S.K.: 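There's a structure below that I have some questions on.
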Number of protein chains: 2
Amino acid sequence: MSDVGERQGGTPPHYAMVKQMILGRIGSGEWPARHRIPSENELVAALGLSRMTINRALRELAADGVLLRIQGLGTFVAEGKSQTAVFKVRNIADEIRERGHAHAAQTVMKDEVKATPELADELGVELGAPVFHSLVIHLENDIPVQLEDRHVNPALAPDYLAQDFSAQTPNSYLSAVAPWTTVEHTVEAVLPAPWEARLLAIARGDPCLLIRRRTFSGERVVTSVRLLMPGGRSRIESRQGAGS
Amino acid sequence: MSDVGERQGGTPPHYAMVKQMILGRIGSGEWPARHRIPSENELVAALGLSRMTINRALRELAADGVLLRIQGLGTFVAEGKSQTAVFKVRNIADEIRERGHAHAAQTVMKDEVKATPELADELGVELGAPVFHSLVIHLENDIPVQLEDRHVNPALAPDYLAQDFSAQTPNSYLSAVAPWTTVEHTVEAVLPAPWEARLLAIARGDPCLLIRRRTFSGERVVTSVRLLMPGGRSRIESRQGAGS
DNA sequence: CTACAGTGCTTGTATGTACAAGCACGAGGT
DNA sequence: ACCTCGTGCTTGTACATACAAGCACTGTAG
């Protein structure tokens, strides 16, 4: 049949209209959480569109977390919706530059250490095996905004210690040498250790945001990093929905 | 031809492999930011897959912000990207129950106040207009894990104060009464005020994670809430990529 | 020299078809 | 009573094809 192209000027594409229709049903309460919505074939019959078009609409809504699809069972309205907020944490260098400020990185130290039990576990290496360690301070207009305390698996980045981190951030170097396939994050609030407070030029009692990030290349851990940011100087923001 | 199904056991689908290949090229620096990557037809010829399969891979990467596609021009590597991590913050009650623990909510206070200048601004109401205020503590196995300090716009939830928050969380009630269309979040690290520390049963110097959330229904603000969580007891986690 | 239509590329959408994979249920055997 | 296998539904992926829409370049007409 192939009846594409009869669409008028401003009419949105079919798959988008299907998405809107479904969001409308959910928003109006007609399809509450956990409700099973019609199958692809039923929607095909009801709307007179191709299954691939329906499939695309449902797949995208599932990717957005609005729907939950289970092969063999059906498609259901997800329940999380009311409460799942999404945060994005970006590369610090990019973020600073995007604000139009100057970014600089100071290498405090760079050396090779023997893996402690915790470190061996974190990086998935043998106890006592050599591990690279670096301590870098990121400055925004000469004010310290982040302390980057990083351990690197030498097997995946043997030349790590030879790099100049004021020219290329450790992050950028590592993602070039060993592209990641999986990333793991945690965010918490902590008090800085005395030496950390000194490096960040803050008082010992000032709370900090701590982001822990572990980066995997396949099954192996490339690097594990602690990003310590003064609570007053940085925060994570996000906005979701109609961007007003 | 239709040669589907020759795929082995654990082999990921073709479109996913194409995505990985592209992410690898970008990660390795072979395709830097702003670089134009091969067209769909070129990839079809190079990889021996159908254009729809290539299209799906590129479309999904574009949706993730990794690629930028311009009709008539081509597909380009987006800038920034290199380290955007995504965090999900869920409803605390759900999260606790999902861990198999007991969740309880204690209402500390519930009253009507007059909007201060800051409050009026935050909620978009007149200065001095009545505003509902509630203070609820969330407990996980009888240990306080979150202090919820909430202000509500009476216009959108007039019966708010009459609710029993030990039966239904304020959150859950509000999302039923006034479904949100937009949410705004910030996360930072702070020290608790003395009275807050007392309610959370922590020391005054213990750092806390503070999540601020503003919820909109259309153009109007439904509620603005401060979620204060002891740094040691809770954190935000996320995992991205091949789920191990 | 300039304006404009044409051409050839690109991505965007839509359809029809095919087979794989997963789940629930019931019929049948043990 | 219990186990097993088949059947019919569901979603997941892959393909071939078609046309629309947008962009840059080129050749031609003025």
Side-chain angles (χ1 to χ4, degrees), chain A residues 1-22 26 31 34-78, chain B residues 1-22 26 31 34-78 242-243:
Chain A
M1 187 156 303
S2 184
D3 68 329
V4 194
E6 38 165 85
R7 243 163 52 229
Q8 310 288 357
T11 311
H14 291 159
Y15 78 92
M17 292 174 56
V18 174
K19 286 175 73 173
Q20 274 309 113
M21 182 272 285
I22 293 172
I26 294 176
W31 289 349
R34 312 171 128 259
H35 174 78
R36 175 172 165 190
I37 79 172
S39 75
E40 294 190 355
N41 284 324
E42 287 168 336
L43 287 172
V44 164
L47 304 178
L49 299 173
S50 149
R51 193 194 145 204
M52 288 311 294
T53 303
I54 303 291
N55 180 272
R56 174 168 178 187
L58 296 181
R59 181 157 32 85
E60 291 189 0
L61 286 175
D64 290 346
V66 175
L67 297 178
L68 176 65
R69 314 199 73 195
I70 305 178
Q71 193 173 126
L73 264 182
T75 304
F76 305 84
V77 177
Chain B
M1 190 161 302
S2 181
D3 67 329
V4 194
E6 38 166 82
R7 245 162 52 227
Q8 310 288 358
T11 311
H14 291 159
Y15 78 91
M17 291 174 55
V18 174
K19 286 175 73 173
Q20 275 308 307
M21 182 274 283
I22 292 171
I26 294 175
W31 290 348
R34 313 169 126 259
H35 174 78
R36 172 168 167 195
I37 78 171
S39 76
E40 293 189 355
N41 284 324
E42 288 168 335
L43 288 171
V44 165
L47 304 178
L49 299 172
S50 151
R51 192 195 146 204
M52 288 310 293
T53 303
I54 303 291
N55 180 272
R56 174 167 178 186
L58 296 181
R59 181 158 30 87
E60 292 190 0
L61 287 175
D64 290 346
V66 176
L67 297 179
L68 176 65
R69 314 199 72 194
I70 305 177
Q71 195 175 121
L73 263 182
T75 304
F76 305 84
V77 177

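Since the structure is predicted, the reported quantities are computational estimates derived from the model, not experimental observations. Below, chain A is the first sequence line, B the second, and so on; all start at residue 1.
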S.K.: Whole-Å distance between D:dG12 P and A:Arg56 CZ?
M.R.: 16 Å

S.K.: So do A:Leu58 and A:Leu67 actually touch side chain to side chain, heavy atoms under 4.5 Å?
M.R.: yes

S.K.: Which ones in residues 42-50 of chain A lie close to DNA chain C, meaning a heavy atom under 4.0 Å from one of its atoms?
M.R.: A:Leu49, A:Ser50

S.K.: Could you state the atom-to-atom distance from CG of B:Leu68 to P of D:dC23 in whole Å?
M.R.: 13 Å

S.K.: Scan A:Ile70 against the nucleic acid and name what it touches under 4.0 Å (heavy atoms): base, sugar-phosphate only, or nothing.
M.R.: sugar-phosphate

S.K.: Can you tell me if B:Asn41 touches the phosphate of C:dC9, counting only side-chain N or O atoms and a distance under 4.0 Å to OP1 or OP2?
M.R.: no

S.K.: Minimum heavy-atom separation for A:Pro12 to A:Met17, with atom names?
M.R.: O-SD, 3.6 Å

S.K.: Verify the contact: side-chain N or O of A:Thr53 to OP1 or OP2 of C:dT13, cut-off strictly under 4.0 Å; return yes or no.
M.R.: no

S.K.: Tell me every residue that passes salt bridge (Lys or Arg N to Asp or Glu O under 4.0 Å) with A:Arg51, counting only those two or more places apart in sequence or in another chain.
M.R.: A:Glu40

S.K.: Can the positive tip of A:Arg56 be found less than 6.0 Å from the middle of the six-membered ring of A:Tyr15, inside 45° of the ring normal?
M.R.: yes

S.K.: Can you measure B:Glu60 atom CD to C:dT11 atom P for me and round it to whole angstrom units?
M.R.: 16 Å

S.K.: Are side-chain heavy atoms of B:Asn55 and B:Arg69 found at a separation under 4.5 Å?
M.R.: yes

S.K.: What contact category does B:Arg51 fall into here, base, sugar-phosphate, or nothing, at under 4.0 angstrom with non-hydrogen atoms?
M.R.: base

S.K.: Calculate the interatomic distance between A:Glu40 atom CD and D:dT13 atom P; express it in whole Å.
M.R.: 11 Å

S.K.: Find the distance A:Asn55:CG to C:dT15:C1' and express it as a whole number of Å.
M.R.: 13 Å

S.K.: Is the shortest side-chain N/O distance from A:Arg59 to OP1 or OP2 of D:dG12 below 4.0 Å?
M.R.: no

S.K.: Minimum heavy-atom separation for B:Ile37 and B:Trp31, please, with both atom names.
M.R.: CG2-CE3, 3.8 Å

S.K.: Output the rounded distance in Å from CD1 (B:Ile54) to P (C:dT10).
M.R.: 13 Å

S.K.: Would a 4.5 Å heavy-atom cut-off, applied to side chains only, mark B:Ile54 and B:His14 as touching?
M.R.: no

S.K.: Between atom NE2 in A:His14 and atom P in C:dT15, what is the gap in whole Å?
M.R.: 6 Å

S.K.: Is A:Arg69 close enough to D:dG12 that one of its side-chain N or O atoms is under 4.0 Å from OP1 or OP2 there?
M.R.: yes

S.K.: If you only use heavy atoms from C-beta on, which nucleotide in C:dA24, D:dT10, D:dC15 is closest to the side chain of A:Gln71?
M.R.: D:dT10

S.K.: Nearest to the side chain of B:Ser39, which nucleotide is it out of D:dC23, D:dT13, C:dT10?
M.R.: C:dT10

S.K.: Examine D:dA14: is either OP1 or OP2 under 4.0 Å from a nitrogen or oxygen in the side chain of B:Tyr15? Give yes or no.
M.R.: no

S.K.: May I ask you to test the B:Thr75-B:Leu68 pair for a side-chain heavy-atom distance under 4.5 Å?
M.R.: no

S.K.: Both A:Met52 and A:Thr75 contact DNA chain D. Which one's nearest nucleotide lies toward the 5' end?
M.R.: A:Thr75

S.K.: Taking only the side-chain heavy atoms of A:Pro13 (C-beta and beyond), determine which of D:dC19, D:dT10, C:dA14 contains the nearest atom.
M.R.: C:dA14

S.K.: Tell me: CZ of A:Phe76 to C1' of D:dC9, nearest whole Å?
M.R.: 12 Å

